[in-house]
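One is the number of the first residue; the rest follow in order along the sequence. Note that ligands are numbered from 1 as they come in the structure, with each ligand's atoms numbered from 1 the same way.
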Amino acid sequence: MTARLGVIGAGAGAAAATYIIDHALPNAEITVFEKSRGVCGRAAARRRETGTTAYVYEYGANYLKDADDRVSSLIVGKFNDRLVEVEGPIWTFDTDGTVSEGRDGDARRWTYADGITRLAKHLFGATGATVERETRIADVYHDIGWRITDTEGGAYGPFDALLLNPPAPQTADLLTDTDVRAVDRLGEAAAAVEYRTVWTAVLGYDFEIDAPYYALVNADKEHEVGWIGREECKPGHVPNGETVLVVQASPDWSTERYDDPPAHNIADLARHTAEIRGDQRLADPDWADHQGWRYALPDEDVQDEAVRAAARDGVYVTGDWVAGEARLHAAVRNGLKTGDTVADSFQEGP
Ligand SMILES: Cc1cc2nc3c(=O)[nH]c(=O)nc-3n(C[C@H](O)[C@H](O)[C@H](O)COP(=O)(O)OP(=O)(O)OC[C@H]3O[C@@H](n4cnc5c(N)ncnc54)[C@H](O)[C@@H]3O)c2cc1C
């Protein structure tokens, strides 16, 4: 019998799990439902074109860190087309404006020349899975199998199993009133996972800045700005002689100003950036972009027992909040591991 799997969300975790399941069970029918137009979720990139000039920038996850052997060897060994190493170290700054050398050792950090979303494009592209984009799932329930419906009234299933990848609060919204006790309990456990909010400004300048670092991170966590990254340190992202800064506000600032007019927020973050760098030209970018991430970074992991109990009823979850680490490599690692678990359970019989 053909195993049928429904995957909700096309983030890096789901992409890794789909890759593993598809390879372990080539006959499985896997359908992925993603609410956005693109894949890779919070590991997000945009392309900006002006005339003959093109920019690529990442406004969610900044890179994939070389911090997990299984993830790193898969990426370097198999999904290395357009893979590039981020050049330069990460330095720190404090609330009083002191910039200091060094943090994070000499770990390698990767992205792709055409944007970090290439990671999920590579993984899904190596499978026979169908990816339904712009399909937001609204409801999950069970009768002869697992069924789901989208916000437009589209109905899908029955599936032998479901794999959910949205951030915990959005997964929790889907796992209520399924009438399968262990699955509703997983929904409750997911609802308990707290998140930090991050508001990102992308600031473009038609001049080059000179800096000995790729990025600055706020070490004492007291500043309104949490992170300033230089996209020009990523090969292929920024034309020579120009600068693109990705400025991520602190969780407190981001929560307080989440719904403020974007132009005000961009101006404030540009002003802070100019002060931290001691370069007033940075207060006035030539162009800017922005993105608010309500559920940016999970602060904790979901209760493990709830995850295992729901799996026995055919409902699996994957992502950084399942891994217990708000990092892209952790989401991929968890996707690979969850993929193994789903494939094993199908091999034992759906
Ligand atoms: C601002 C910011 C900066 C970060 N910086 C770093 C960094 O420097 N380094 C690092 O390692 N990590 C960083 N991270 C964390 C990293 O982005 C995440 O850990 C990782 O991308 C999580 O992947 P995931 O698979 O768990 O889920 P996600 O990427 O959240 O994917 C979930 C997917 O589910 C989809 N979805 C949600 N609801 C539905 C629905 N109802 N129906 C269908 N689809 C749905 C979403 O659109 C999304 O595509 C950062 C994150 C943010 C936001």
(message) Taking the six-membered ring for Trp, are H122 and Y19 closer than 6.0 Å centroid to centroid?
(response) no

(request) Take the angle between the ring planes of H223 and F93 and call it parallel below 30°, perpendicular above 60°, tilted in between. (result) perpendicular

(request) Anything with a heavy atom under 4.0 Å from ligand 1 counts, so go ahead and list those protein residues by chain and number. (result) I8, G9, A10, G11, A12, G13, F33, E34, K35, S36, C40, G41, R42, A43, G60, A61, N62, Y63, T135, R136, I137, N165, P166, P167, Q170, V198, T200, Q248, W293, A296, L297, G319, D320, A326, R327, L328, A331

(request) List the atom of G41, the atom of W293, and the distance in Å for their closest heavy-atom pair. (result) O-CH2, 4.1 Å

(request) Check salt bridge (charged side-chain N to carboxylate O under 4.0 Å, His left out) between R308 and all other residues, then give those that pass, not counting sequence neighbours. (result) D304, E305

(message) Testing the basics here: between V39 and V131, what is the closest heavy-atom pair and its distance to 0.1 Å?
(response) CG1-CG1, 4.2 Å

(message) For the CG atom on D96, are there more than 12 heavy atoms of other groups (residues, nucleotides or ligands in this structure) within a distance under 6.0 Å?
(response) yes

